[in-house]
Amino acid sequence: MKKVKVDCEESFKILIEPGRYSWCACGYSADQPYCDNAHRTAETELKSIKEVVTETRITTFCGCKLTSTPPFCDGSQAENS
């Protein structure tokens, strides 16, 4: 059962520093758009998507969880509203 909780209909435009990030794919994290391991207790098989960033940049993480390019926003929220 791949159950997704759509908690946010918008994207997250964020300045990110080099490092490793875990994007929440299930929507249950209280720390959106990042994973807080809530998928472990939620009724979902979805797990986080890992992203390694090598340089400081502005990125747009998906909030609606409908993106075809996870963890990045592809405008799916606009198509499904």
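Along the sequence shown, residues carry numbers from 1. The structure presented is a predicted model; accordingly, all values stated were derived computationally and were not measured.
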Note to self: Less than 4.0 angstrom from a charged side-chain N to a carboxylate O is my criterion; do E10 and K65 meet it?
What the structure shows: no
Notebook entry, point to check: Heavy atoms, side chains only, cut-off 4.5 Å: are T60 and S11 in contact?
Noted result: yes
Margin query: Can you confirm whether K50 is buried at NZ, in the sense that more than 12 heavy atoms of other residues, nucleotides or ligands lie under 6.0 Å from that atom?
Written below: yes
Check: Do the non-hydrogen side-chain atoms of Y21 and Y34 ever get within less than 4.5 Å of each other?
Finding: yes
Next item on the list: Quick one: do R40 and E45 satisfy salt bridge (Lys or Arg N to Asp or Glu O under 4.0 Å)? Show the steps, please.
Entry: CA-CA 8 Å; R40 293 180 181 171; E45 296 172 6; over 6 Å; no
Next item on the list: Indicate whether any N or O donor in one side chain lies under 3.5 Å from an N or O acceptor in the other, for S76 and D74.
Entry: yes
Note to self: The test is side chain to side chain contact (heavy atoms under 4.5 Å, CB included); show your working for C24 and S22 and say whether it passes.
What the structure shows: CA-CA 6 Å; C24 172; S22 292; over 6 Å; no
Note to self: Here's a test for you: under side chain to side chain contact (heavy atoms under 4.5 Å, CB included), which of T67, I49, I16 qualifies with F61?
What the structure shows: I16
Margin query: Please find the pair of heavy atoms, one from T56 and one from E17, that lie closest to each other, and give the distance.
Written below: OG1-OE1, 3.0 Å
Checklist line | Pairwise distance NZ(K47) to CG(N37) - rounded to 0.5 angstrom | finding: 10.5 Å
Notebook entry, point to check: What's the shortest heavy-atom distance between P70 and S68, and which atoms?
Noted result: CD-C, 3.3 Å
Check: Does the side chain of Q32 reach to within under 4.5 Å of the side chain of F12, using non-hydrogen atoms?
Finding: yes
Notebook entry, point to check: Between T44 and H39, is a side chain to side chain contact (heavy atoms under 4.5 Å, CB included) present by the stated rule, with each step listed?
Noted result: CA-CA 6 Å; T44 182; H39 61 270; 3.9 Å; yes
Margin query: If I take atom OG1 from residue T59 and atom NZ from residue K13, how far apart are they, to the nearest 0.5 angstrom?
Written below: 10.0 Å
Notebook entry, point to check: Got a donor-acceptor contact below 3.5 angstrom from the D31 side chain to the D36 backbone?
Noted result: no
